[in-house]
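Encoded as structure tokens, the structure appears first; notes follow it.
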Amino acid sequence: MLFALPVGRASAETRVKDWVCDYRWREGTYQVKQLIRCAARRWHVPGGPVEAVAVAGCESHFDPGAYGGGNAGVFQQNLTYWPWRADAFGFPGASAYNARANIIVSVRMAHRSGWGAWACA
């Protein structure tokens, strides 16, 4: 079954610029943590960067390739909802396994609604 995207793609204002929190996440855990801290400071999440890092560590051990129960990436985004979330939060067409996209989308979600959507929060 295909997941339908909402009408209207991400606007130019919604898309995240390439230079925002541009860390080399493929180089290891330290860079992934730096990316999480950067995003959490930029979008002000409950508990700040410390809570964001704690949630990601619990969810995936900072592994961009983590998968379990239909969830993927650093913050274990549900793959059913990922296409819509990626589009809505500035990464249209991005993979849930792209750490930068997964982290920034997740942090923007937490900025808007808190960490309640994550089991590790």
Side-chain angles (χ1 to χ4, degrees):
M1 177 182 201
L2 293 174
F3 183 75
L5 291 175
V7 176
R9 310 276 311 163
S11 69
E13 298 82 38
T14 305
R15 291 191 182 159
V16 177
K17 305 288 189 235
D18 290 340
W19 53 265
V20 173
C21 297
D22 184 24
Y23 287 89
R24 293 185 171 112
W25 55 268
R26 290 180 182 92
E27 292 182 6
T29 301
Y30 177 77
Q31 294 293 332
V32 170
K33 288 180 182 179
Q34 289 296 93
L35 203 162
I36 294 166
R37 288 183 190 105
C38 175
R41 282 190 301 270
R42 182 173 178 88
W43 282 283
H44 306 286
V45 295
V50 172
E51 181 70 10
V53 168
V55 172
C58 176
E59 291 286 336
S60 70
H61 303 288
F62 310 106
D63 180 4
Y67 177 81
N71 302 306
V74 176
F75 277 96
Q76 291 294 281
Q77 282 282 340
N78 185 294
L79 291 174
T80 300
Y81 303 115
W82 175 255
W84 177 83
R85 291 173 177 168
D87 185 62
F89 290 101
F91 288 90
S95 168
Y97 296 103
N98 175 319
R100 184 168 174 269
N102 190 292
I103 290 166
I104 293 175
V105 167
S106 299
V107 165
R108 291 182 77 185
M109 288 174 60
H111 169 76
R112 188 177 281 177
S113 304
W115 293 110
W118 285 270
C120 289

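- Applying the side-chain contact (heavy atoms from CB on, under 4.5 Å) test to A40 and every residue at least two apart in sequence or in another chain returns V45, P49, A52.
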Donor-acceptor pairs under 3.5 angstrom involving side-chain atoms of residues 112-121: please list them, not counting sequence neighbours.
from, atom 1, to, atom 2, distance (Å)
W115, NE1, P46, O, 2.9
W118, NE1, F75, O, 2.8

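- One distance of note links CG of N78 with CH2 of W84; it measures 12.5 Å at 0.5 Å rounding.
- Residue pairs meeting the disulfide bond (SG atoms under 2.5 Å apart) criterion with at least one member in residues 85-114, sequence neighbours excluded, do not occur.
- Sorted pairs that involve residues 67-114 and meet disulfide bond (SG atoms under 2.5 Å apart), not counting sequence neighbours, are lacking altogether.
- Interatomic distance, CG of D87 versus CH2 of W82, reported as 11.0 Å (0.5 Å rounding).
- Applying the disulfide bond (SG atoms under 2.5 Å apart) test to residues at least two apart or on different chains, none of the pairs has a partner in residues 81-115.
- Note: I104 CD1 to F91 CZ = 4.0 Å, rounded to the nearest 0.5 Å.
- Remark: side-chain polar atoms of N102 are not paired, donor with acceptor, to backbone N or O of Y97 under 3.5 angstrom.
- Residues meeting the side-chain hydrogen bond (donor to acceptor under 3.5 Å, both in side chains) test with Q77, sequence neighbours left out: R85, S106.
- Residue pairs meeting the side chain to side chain donor-acceptor pair (under 3.5 Å) criterion with at least one partner in residues 51-69, sequence neighbours excluded, are absent.
- The nearest pair of heavy atoms linking A99 to V74 is CB-CG2, 4.0 Å.
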